[in-house]
Amino acid sequence: MTDPKPSGRIDVPFFRPSIGEEEIREVVDCLRSGWLTTGSRTRQFETEFAAAVGAEHAVAVNSCTAALHLAVEALGLGPGQAVLVPTMTFAATAEVVRYQGAVPLLVDCDPVTLNMDLDDADRRIADLKAGRTPLDRGLAVVGVMPVHVGGLMIDMEAVGALAARHGLWVVEDAAHALPAAFRPGPGGPWRRCGENTAAVTCFSFYANKTITTGEGGMAVTASPELEARMRQMSLHGLSRDAWDRYAGNGSWDYRIVAPGYKYNLTDIAAALGIHQLRRAEQLRRERESLARVYLEALGDLESVELPPAPADRVHAWHLFPIRLRLDRVPISRNALVAALRGRGIGCSVHWRPLHLHPYYEETFGWRPAALPVATSVWETLVSLPLFPGMSAEEQQAVVGAVRELCNRRACRG
Ligand SMILES: Cc1ncc(COP(=O)(O)O)c(C=O)c1O
């Protein structure tokens, strides 16, 4: 039996998508049009998305995972090769490297931003060559896949410098980073995420992402060759003219030129995406305002560290990850997550690092001590609810619960 909800309690989901009337109308129009799969709405979404992030080309697919896979495939990733991947990421970033028979060379994270530690990336390459990692020292490191954790961009110019030092390509996992931007130096020009920041930049439109199509993703690139390969491989490796059949005038006599995948986005999903994209900056601003309320309302808690909000970033605020000071907080991370959930407050942890998952431990021999920052910081992480449309009462319920649970001694004293 579950306890009845205490009267007056406000339940707060971890995320609630913000779907407007325009999205609903466009989906209905799409359904009535008789054209459900990839077609004119997907093409429109691609064109408008490329313009919004400042990219030359955009390929719409059915997930960010598919976009990441197409990117590394188009770059020719294969067996005998390794790619620098942050251990502090979701499954997708590393699994696409495995799809290609290559190996993720895991990199530790910055303890505050949680983004990849680029000095550690340099060290990992030296360690690999010197046989100081559990991996085969003969692997050739060919690429790097930075992740903008929670929507706070890593300095992509510094990533570019790392890549240039070691002759690597860059595929950017921007699943959390729409819209987002960074400024490489004081007074320097702002660069949007996807504005030629990598060989390929991959976005997610999963249900809880900053804009959503239910499931969906986008790969953007400045390279017409990469665009052509990704597009082709996203639809069974069919010759170019097969794509035109979506416009109704393509050839029935297509050619299979490679063993591709089935990654294309539907027009139903694109119908949502077109309108979500138009609202993207407004939705970001709402998330930013909510983040500022948390920063203000929790800023004096000694037992908790709050996420940074640097002035040289346009932060997408996909996540609001707090870090517990385990020596000061009267509750463990797991107990806090359970207690918040017990009070009807959705929260999550981003993430158990890859090297602490059985597949990566058992297949490659990664041990907790090999990536010490991620090993210790993940034990402190809790992501609080943050979504456009969150009411002041909902946010106050979260603030009140976090303050009470993390500050018990102070409350009692
Ligand atoms: C960092 C990161 N990369 C990739 C993905 C995969 O996105 P999708 O679900 O669109 O495949 C996620 C999903 O949560 C993610 O958090």
Side-chain angles (χ1 to χ4, degrees), residues 14-15 17 42 45 49 58-73 83-99 104 106-107 109-110 113-116 143-154 156 159 170-178 180 193-194 197-198 200-220 230 234 261-266 269-270 272-273 276-277 280 287 307 315-321 346-355 357 360 374 378 381 383 385-387:
F14 181 62
F15 188 80
T42 305
F45 185 34
F49 192 92
V59 180
V61 286
N62 54 23
S63 70
C64 180
T65 309
L68 291 165
H69 184 203
L70 291 173
V72 296
E73 196 280 337
V83 178
L84 294 164
V85 172
T87 190
M88 191 53 91
T89 187
F90 183 60
T93 327
E95 78 196 19
V96 302
V97 173
R98 298 297 298 137
Y99 292 174
L106 297 181
V107 180
C109 65
D110 179 279
T113 65
L114 309 176
N115 282 334
M116 184 161 67
V144 56
M145 298 176 74
V147 177
H148 307 301
V149 179
L152 177 65
M153 281 190 80
I154 194 170
M156 287 305 291
V159 173
V170 184
V171 168
E172 199 177 0
D173 181 339
H176 300 183
L178 180 78
C193 186
T197 36
V200 184
T201 303
C202 302
F203 297 90
S204 174
F205 313 133
Y206 178 68
N208 72 2
K209 291 301 191 295
T210 55
I211 74 167
T212 185
T213 60
E215 298 276 359
M218 192 76 80
V220 307
M230 290 192 292
S234 73
Y261 310 98
K262 186 66 169 66
Y263 284 164
N264 54 305
L265 190 75
T266 67
L272 277 168
Q276 287 270 297
L277 181 64
R287 283 191 302 275
H315 196 324
W317 288 112
H318 165 54
L319 298 175
F320 193 90
C347 54
S348 192
V349 172
H350 298 87
W351 297 272
R352 172 185 282 274
L354 292 180
H355 70 284
H357 284 277
Y360 290 99
W378 100 274
L381 294 171
S383 298
L386 180 76
F387 50 88

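The figures here come from the full heavy-atom set of this structure, side chains too, leaving out hydrogens, waters and symmetry mates. In each ligand, atom 1 is the first atom listed, and ligand 1 is the first ligand listed.
- In this structure, ligand 1 sits under 4.0 Å from heavy atoms belonging to Ser63, Cys64, Thr65, Thr89, Phe90, Ala92, Val147, Asp173, Ala175, His176, Ser204, Tyr206, Lys209, Gly216, Trp351.
- In terms of heavy atoms, Gly150 sits closest to His315 at O-CE1, 3.5 Å.
- Ring centers of Phe205 and Phe49: under 6.0 Å apart, within the cut-off.
- In terms of modelled atom types and a separation under 3.5 Å, the side chain of Thr87 and the main chain of His355 share a donor-acceptor contact.
- Heavy atoms of other residues, nucleotides or ligands lying less than 6.0 angstrom from OH of Tyr261 number more than 12.
- Ring planes of Phe15 and Phe387: perpendicular class, angle over 60° (limits at 30 and 60°).
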Can Asn62 and Glu215 be said to form a side chain to side chain contact (heavy atoms under 4.5 Å, CB included), step by step? CA-CA 6 Å; Asn62 54 23; Glu215 298 276 359; 5.7 Å; no
